[in-house]
There are 2 protein chains.
Amino acid sequence: MRLTIADIARLADVSKATVSTVLNDKPGISPKTRKKVLAIVQKYGYRPSHVARSLSTRRTHTIGLVIKEIVNPYYARIIKGVFDGCTDNGYTVLLGSSELAPPKERQSIEKLLNYGVDGMIISPLQGEEIDFTYLARLTQEQYPLVMLNNVQNYATHVVDIDNVKAAFDAVCYLIGLGHRKIAYLTGPASSVHNSERLTGYQQALMNHNLPITQKFIVTAGSYIENGFRTGKALFSDDDDVPTAVLCYNDLVAIGLANALIEMNIPVPERVSIIGFDDIDFCRSFRIPLTTVHIPAYEIGKAAADLLIRTIDQPAANPNGYEKVVLPALLMERNSCATIA
Amino acid sequence: MRLTIADIARLADVSKATVSTVLNDKPGISPKTRKKVLAIVQKYGYRPSHVARSLSTRRTHTIGLVIKEIVNPYYARIIKGVFDGCTDNGYTVLLGSSELAPPKERQSIEKLLNYGVDGMIISPLQGEEIDFTYLARLTQEQYPLVMLNNVQNYATHVVDIDNVKAAFDAVCYLIGLGHRKIAYLTGPASSVHNSERLTGYQQALMNHNLPITQKFIVTAGSYIENGFRTGKALFSDDDDVPTAVLCYNDLVAIGLANALIEMNIPVPERVSIIGFDDIDFCRSFRIPLTTVHIPAYEIGKAAADLLIRTIDQPAANPNGYEKVVLPALLMERNSCATIA
DNA sequence: CGCATTAACTAAACCGGTTTATTTAATTAA
DNA sequence: TTAATTAAATAAACCGGTTTAGTTAATGCG
């Protein structure tokens, strides 16, 4: 059985309170006693129980991170950012994932809450069936929360890029290359990023007096297969086909590119493709992918910093919510070309 | 402030003990009382503090997972497997990562230990500078541990594939295609998987009376860039160049393929390539990659199951350690060809 | 020198659950 | 009717820390 603070107190011939004071580097202990206690602690390799400390301080020094998909290189970078941000500040991460299913999201959040995390970073799903009242209750209780995308009608900290602008810029870039028939392969309906990117896409077309064709807004998803299948369907129709496609993310873009190549439609000669995220693999793909770089690691780190700041100085944000917008950058590689 | 069990007891006009008994579904409570308590619990949305429960039961229902790299699609699948295996059994995962640095590994492990995880799944680093005495101490204390690779001179549960055999089979496959000059691009020295794969590679060559050339065993690493740079170096020498290369993992293989293509050396026509892991992108790479499929998700899940079994029934394994070996499978795709 | 102040240390309460030993009430057996 | 047994509920101790209020010893000051 592990040693407790009482054991150390007995061994050092002092009280539990003294041991506690020494270990927390608080004043009021003579150098002699401090040394004596530390020697015993050292000798027996004593490590205080984090659980007991959490109970009495009512702080677990643990934060919850709820993402949408574990097996997704984009979220891997988010996780690493959050992880590093927490480790630097003496916090630990409890991981949760909704795997794109609203009930699972809620389950994850409640579970983390039960575990007593001091705050949470959430990449929330959105949609008709989603009920934010339980999150709203948290906010009312001043529970520290940072979201990784905007949430409608809900005041909270947010760390994200400007998705509307990013999509807008990407589409303008395509228009600048001469494209007029530009499609958008959407992500899952539950994704806020997706709806914002769609908005940016539409705004860019409108700004250039180009028509918004429903046929060119195609529901895909977030995986390679989605891009592949949607691409096949979209380009099987011969007479009216886009010359450029903005994709919800890189995986969809890769799937699309593979579909086009399989159909003998050269990329970028006949179709230009832009993705989102800039996952590592973009550069190594058969056609190095032009994509909107999202600083996922930095987002994760900024979210952790903001959250921990909020936890450690609750008074510092008297009802004000921060919105941290990080820069996204279009990475021009080889999947886009001027139109012939 | 959140409600405590004392609040509920007061509201239901019973004792704390009764509330606790009801909530843990233990016998000895009249149906009437049970109903009354549950009604109050329901009404106020009471959720017991996990921390307090952990302190008194001395079980946190949390396990630690220490991997080598967060941003690595292979480990993402491991994480998901562990995650699912834990969630199914009412456990939660605390994540740690060594990021390939021994001191960080140790830090992570000690941190998780302090947090009171009930057991740990570790993908341990190995090498001269690594000191396993602290892990050995844990094992002596019957601390539940599952390793994701073999550890020398150290009795513990292990869940893994047979790396020696997998590499052996892969090289035999290349030899079967007519290759005689086969190189191996190694992973990091700290990787046990790497040394086992190297062994399998050497055994296969020996079995076929082929020479083991030091020049053809090249230190690469675990990232795309490593494969790229090592590939460039290996193939810049014109007169004695391999016709096939086994790579430590898929990322290295992708880097190598990119390097060869850039050098106008066609794959697989002039050089065959085999990777390890079968990450998602293998299929979407410019040359669909032949690779050894490692069931990472299943490994994670099996490790979680084994660990939780060990935690929940400490007596069940009276000093016996399980070694779970899952099947690896060579996925024949387009990066290998018979020699001209 | 005696009293006020400060420094060093400790006893005991507390955090929010679980569990053991005990009490109380209800039922059964004689 | 009464003693013995069983069922239901509870009081109190406990898990391993932190913290508050209080005690004791040492120091400062007029």
Side-chain angles (χ1 to χ4, degrees), chain A residues 1-41 44-62 90 92 111 113-118 312, chain B residues 1-41 44-62 90 92 111 113-118 312:
Chain A
M1 183 90 314
R2 239 170 102 167
L3 287 174
T4 72
I5 198 171
D7 298 322
I8 299 301
R10 199 177 319 110
L11 288 163
D13 199 29
V14 295
S15 71
K16 291 199 307 176
T18 300
V19 177
S20 176
T21 312
V22 168
L23 289 176
N24 290 297
D25 257 322
K26 289 191 180 165
I29 303 287
S30 70
K32 202 177 67 183
T33 309
R34 163 163 276 126
K35 226 176 115 184
K36 181 173 67 176
V37 170
L38 288 176
I40 296 288
V41 166
Y44 290 91
Y46 166 70
R47 309 195 149 273
S49 151
H50 182 264
V51 172
R53 172 176 285 168
S54 295
L55 181 59
S56 66
T57 60
R58 271 171 281 182
R59 293 277 249 73
T60 57
H61 283 269
T62 305
T92 298
K111 184 172 178 181
L113 243 29
N114 282 354
Y115 267 77
V117 294
D118 294 336
D312 287 345
Chain B
M1 183 91 311
R2 239 170 103 167
L3 285 174
T4 72
I5 199 171
D7 299 320
I8 298 301
R10 199 176 320 109
L11 288 163
D13 199 29
V14 295
S15 70
K16 291 200 306 176
T18 301
V19 177
S20 176
T21 312
V22 168
L23 288 176
N24 290 298
D25 258 322
K26 289 191 180 163
I29 301 287
S30 70
K32 201 178 68 183
T33 309
R34 162 164 274 126
K35 225 175 115 183
K36 181 173 66 174
V37 170
L38 288 176
I40 296 287
V41 165
Y44 290 91
Y46 166 71
R47 310 191 149 276
S49 151
H50 182 263
V51 171
R53 172 175 286 168
S54 295
L55 180 59
S56 67
T57 60
R58 271 172 281 184
R59 292 275 248 75
T60 57
H61 282 269
T62 305
T92 298
K111 184 172 178 182
L113 243 29
N114 283 354
Y115 268 78
V117 293
D118 293 336
D312 288 345

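Note on naming: letters A, B, ... go to the chains in the order of the sequence lines (proteins, then strands), and numbering restarts at 1 for each one.
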Please list, for nucleotides 8-13 of chain D, all pairs of protein and nucleotide N/O atoms separated by less than 3.5 Å.
unit_1 : atom_1 : unit_2  : atom_2 : d
D:dA9  : OP1    : B:Ser30 : OG     : 3.1
D:dA9  : OP1    : B:Thr33 : OG1    : 2.4
D:dA9  : OP2    : B:Ser30 : N      : 2.9
D:dA9  : OP2    : B:Ser30 : OG     : 3.3
D:dA9  : OP2    : B:Thr33 : OG1    : 3.3
D:dT10 : OP2    : B:Ser15 : N      : 2.9
D:dT10 : OP2    : B:Ser15 : OG     : 3.4
D:dT10 : OP2    : B:Thr18 : OG1    : 2.7

[X] [atom1] to [N] [atom2]: how many Å, rounded?
| X | N | atom1 | atom2 | answer |
| --- | --- | --- | --- | --- |
| B:Arg47 | C:dG16 | CZ | C1' | 16 Å |
| B:Tyr44 | C:dG16 | OH | C1' | 19 Å |
| B:Arg10 | C:dG16 | CZ | P | 12 Å |
| A:Leu55 | C:dC15 | CG | C1' | 4 Å |
| A:Arg2 | D:dG17 | CZ | C1' | 12 Å |
| A:Ile5 | C:dA11 | CD1 | P | 14 Å |
| A:Lys36 | C:dC9 | NZ | C1' | 10 Å |
| A:His61 | D:dG17 | NE2 | C1' | 13 Å |

So which protein nitrogen or oxygen atoms get under 3.5 Å of nucleotides 22-25 of chain D's nitrogens or oxygens?
none

Original post:
Is any NZ, NE, NH1 or NH2 atom of the basic residue among A:Arg58 and A:Asp118 found under 4.0 Å from an Asp or Glu carboxylate oxygen of the other?
Top reply: no

Subject >> Closest heavy-atom pair and its distance - A:Arg47, A:Arg2 >> reply: O-NH2, 2.9 Å

Subject >> Heavy-atom pair of closest approach, residues A:Ala9 and A:Lys16 >> reply: CB-N, 3.7 Å

Subject >> Evaluation steps, side-chain hydrogen bond (donor to acceptor under 3.5 Å, both in side chains), between B:Thr60 and B:Tyr115 >> reply: CA-CA 9 Å; B:Thr60 57; B:Tyr115 268 78; over 6 Å; no

Subject >> Along DNA chain D (nearest heavy atom to each residue), the more 5'-positioned of A:Arg53 and B:Thr57 >> reply: B:Thr57

For [N], does either OP1 or OP2 sit under 4.0 Å from a side-chain N or O belonging to [X]?
| X | N | result |
| --- | --- | --- |
| B:Ser20 | C:dT18 | yes |
| B:Tyr46 | C:dG17 | yes |
| A:Arg58 | C:dC15 | no |

Subject >> Check: B:Asp7 side chain, B:Leu3 main-chain N or O, donor-acceptor pair, under 3.5 Å >> reply: no

**OP:** Using modelled atom types only, decide if a donor and an acceptor are shared between the side chain of B:Thr33 and the backbone of B:Ile29 within a distance under 3.5 Å.
**Re:** no

Subject >> A:Thr21 and A:Thr18: side chain donor to acceptor below 3.5 Å >> reply: no

Subject >> Close side-chain approach of B:Arg10 to B:Thr4, heavy-atom, < 4.5 Å >> reply: no

Original post:
Does A:Asp312 reach the side chain of A:Arg59, with side-chain heavy atoms less than 4.5 Å apart?
Top reply: yes

